[in-house]
Structure formats: structure tokens, C-alpha cells
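When a ligand or atom number is given, it counts from 1 through the structure's own listing order. Starting from 1, each residue takes its place in the sequence as its number.
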Amino acid sequence: KPKVLGYRERAKLCSNPITQRLFEIMEKKRTNLALSADLTDSKQLLQLIDKTGPYICIVKTHIDILEDFSEDFIEKLSQLASKHEFLIFEDRKFADIGNTVVHQFSGGVYHISNWAHIINAHTVPGAGVIQGLKMVKTQNGCGCLLIAEMSSAGNLATGDYTQATVKMAEENKDFVIGFISVSNLSPDPELVHMTPGVQLECGRDDLGQQYLTPSEVITRRGSDVIIVGRGIYQAPDPAEAARQFQVAGYDAFVARLTE
Ligand code: 6AU
């Protein structure tokens, strides 16, 4: 059984500055919680992020669901990222040929490459999607997560598809920093695993989302980061909910360390 490393040790082993910074933040703030900030009003979204900021290592955005996007939103989000020390992950799920994703990443309305620290991509187009994204000049030296598995019922990211995705990550470690997955797929300490579909109790929603608990995800399945949306922003007190997920996620990691 491979030895489980603490966040500080992981940070030292990472050659990519984004993963290095991520593990340093996780160590310093004692958190493996990513907030999935899926609100559609920018003012409410910024308030949510400011309140939950102390408990999280990452804010994950779906920038294209904002009803009132502006450059000012990006500026305020980046200020909050400095204030609270978290990374910004734009969950754009790039999934097209290299030439198209170059434009989707750098251009359009959102200019994601100017502000995101982390992005993600489906591997269904083949390695060209990675080659394209990698070509784009970025502000923050952005790192990419490959979607190797999904949380939703009946998804097709399984078996050979998942294994081929792991291989693509291992072959592109200058840019790929890890996976969206629901299990541990690679023992390489430089590759980070982030898992969505997390609540304090197992269950599902009406549209195929399936939930696991922090201890199932972190202790038993060996993932690194829990991604939580509705479990936090639909709670009566989102800051208190974020604190609970921080504690549950961190305790689950300590349990794995000491197993
Ligand atoms: O906690 P929830 O269910 O409210 O939100 C989960 C978040 C959503 C999804 O778009 C995203 O996680 N997600 C992803 C990601 C992060 O790539 C992959 C996946 O398989 N399932 C999933 O829910 O913002």
C-alpha cells in the first residue's frame, strides 16, 4: 500500500506551481474543500464566496451561468482569491477539437485564460484538446484537470475511457495537474484528484446527480479534494455549512493518514 503523504510533502513533490500552491493552501488553511459556486447573480455569488472563503481552498465557477457577468465580477473574484487565499477553477469542461478550445479558453466574452488558475476538459476529442488548451498563454499559469470519471448516474466515463484518460494525464504533466474522478486513479503524487457529488449524507437529486460523503470520498476512495455546491449554498447558513464540510473533509484526510 503506498504511503499517504501530508499536504506539505505533496507540495514539495509538485513541479507544477499551481499544484504546489494548492497543497500549500490546503496545508495552511487545513482544508480540502472546493466550493462549487453555482449561483447566477454576481452580487449573491461574491457574498457567498466572501463568507465561505476562510474554509475553502478552491472556488469553482460556471462563469456562463451568471446572468450579469462583467469584468468587474472577475476583478472582485480575484480580490477575494487573494484575500482568502484560494484558487479559481472555471468548470468549463472543454470538449472540442484543439483549434476550437483555443478560442473558447482565451476569447469570447469571458477570457477564461486571463483569470482561472484551474480548468477542466473532457478527453472524448483525444489529446488534441490538451494540445490546444496548452498553447494558450495564461495569466496565472493555468493547470488542467481531465474528467476521468463523473458523478452522475449512467455516465460513460468508465473502464477503458477512464484508463486512457489517466494515460493522457501522465503524458501531459506539464499542463495536466490531475483529475475529476470519484476514485483514486493514479499513485503519482503530482496528480490531484477532485471529486464532485459530495454531501454530508449519501443520496441523489432528481436529475442523476449521486452523492457520497466526505469520508467515503477522502478516506475510503483516496481522493484529495471534495467539491461541494448545493450542500453549501442551499444550506440555511452557508458559512456554517462550509465550516462543517471543511472539518468533515479534513478529518477524513487525517483518518486516511493515520490508517
Ligand atoms: O454539489 P452539487 O451537486 O450542487 O454540484 C456539483 C458541481 C456542479 C457540477 O457541474 C460539477 O460539480 N460536476 C463535475 C465537475 C466539477 O466537473 C463533474 C461531475 O461528474 N459531476 C459534477 O457534479 O457544478
Side-chain angles (χ1 to χ4, degrees), residues 22 32-41 44-45 48-49 52 55-66 77 86-96 101 104-105 110 112 116-124 129-130 133 142-159 161-162 165-166 169 176-185 191-214 216-218 221 223-236 238 241-242 244-246 248-249:
L22 175 63
N32 51 38
L33 173 62
L35 169 69
S36 183
D38 301 333
L39 298 182
T40 56
D41 177 90
Q44 283 173 12
L45 184 52
L48 171 74
I49 294 169
T52 55
Y55 313 111
I56 61 183
C57 56
I58 291 172
V59 164
K60 187 179 78 60
T61 53
H62 278 302
I63 202 67
D64 58 357
I65 71 171
L66 269 187
L77 175 63
F86 59 75
L87 298 181
I88 304 170
F89 167 13
E90 165 51 31
D91 186 3
R92 172 64 181 75
K93 295 188 178 70
F94 295 100
D96 214 320
V101 299
Q104 291 173 326
F105 182 25
Y110 304 114
I112 295 166
H117 303 99
I118 300 171
I119 53 168
N120 56 355
H122 285 295
T123 51
V124 67
V129 65
I130 301 172
L133 292 170
C142 190
C144 184
L145 301 168
L146 299 182
I147 301 164
E149 293 177 321
M150 294 194 72
S151 61
S152 45
N155 78 78
L156 305 177
T158 61
Y161 182 96
T162 301
T165 302
V166 172
V176 174
I177 60 167
F179 309 100
I180 295 291
S181 68
V182 294
S183 64
N184 188 300
L185 299 171
L191 295 172
V192 49
H193 296 74
M194 302 196 194
T195 303
V198 177
Q199 293 226 359
L200 293 173
E201 315 248 316
C202 290
R204 47 176 57 229
D205 74 4
D206 299 336
L207 298 172
Q209 176 69 301
Q210 307 177 111
Y211 290 110
L212 301 170
T213 62
E216 172 66 24
V217 167
I218 300 289
R221 298 187 177 215
S223 183
D224 300 305
V225 171
I226 52 171
I227 299 174
V228 182
R230 284 166 282 179
I232 293 173
Y233 67 78
Q234 286 184 346
Q244 284 173 9
F245 277 101
Q246 177 203 1

Side-chain donor-acceptor pair present, N32, D224, cut-off under 3.5 Å: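 Short answer, no.
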
Ligand 1 versus [X], non-hydrogen atoms closer than 4.0 Å: side chain, backbone, both, neither?
X	value
N120	side chain
K93	side chain
S36	side chain
R230	both
Q199	neither

Taking the side chain as every heavy atom from C-beta outward, state whether [X] and [Y] have any pair of such atoms under 4.5 Å apart.
X	Y	result
D205	L207	yes
L33	V228	yes
S183	L185	yes
S151	Q209	yes

N/O of [X] under 3.5 Å from N/O of ligand 1, yes or no?
X	result
H62	yes
F89	no
K60	yes

Give the numbers and elements of all ligand 1 atoms closer than 4.0 Å to a heavy atom of M150.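 By the 4.0 Å cutoff, the relevant atoms are 19 (C), 20 (O).
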
What residue and heavy atom of the protein are closest to atom 1 (O) of ligand 1, and at what distance?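 It is G229 N, 2.9 Å.
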
For atom 18 (C) of ligand 1, what's the nearest protein heavy-atom neighbour? Residue, atom name and distance, please.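 Ranking protein heavy atoms by distance from atom 18 (C) of ligand 1, first comes P196 CG, 3.5 Å.
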
What about the rings of F245 and Y55, do their centers lie closer together than 6.0 Å?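 Centroid distance F245-Y55: not below 6.0 Å, so no.
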
With the threshold set at under 4.0 angstrom, would you say Q234 reaches ligand 1 through any of its heavy atoms?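 In this structure, Q234 fails to qualify as a contact of ligand 1 - no heavy atom is under 4.0 Å.
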
Run the contact test for Y211 against ligand 1 with a 4.0 Å cut-off on heavy atoms, strictly below, and give the result.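 Heavy atoms of Y211 do come under 4.0 Å of ligand 1.
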
How long is the span from the CG atom in D64 to the NE2 atom in H62, to the nearest 0.5 Å?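 So the CG of D64 and the NE2 of H62 are separated by 7.5 Å.
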
Between atom CD1 of I63 and atom CZ of R92, what is the distance when rounded to the nearest 0.5 Å?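 I63 atom CD1 to R92 atom CZ measures 12.0 Å (nearest 0.5 Å).
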
In a check of side-chain contact (heavy atoms from CB on, under 4.5 Å) between V176 and each of L145, L133, L146, which one passes?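 For V176, the side-chain contact (heavy atoms from CB on, under 4.5 Å) check succeeds only for L146.
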
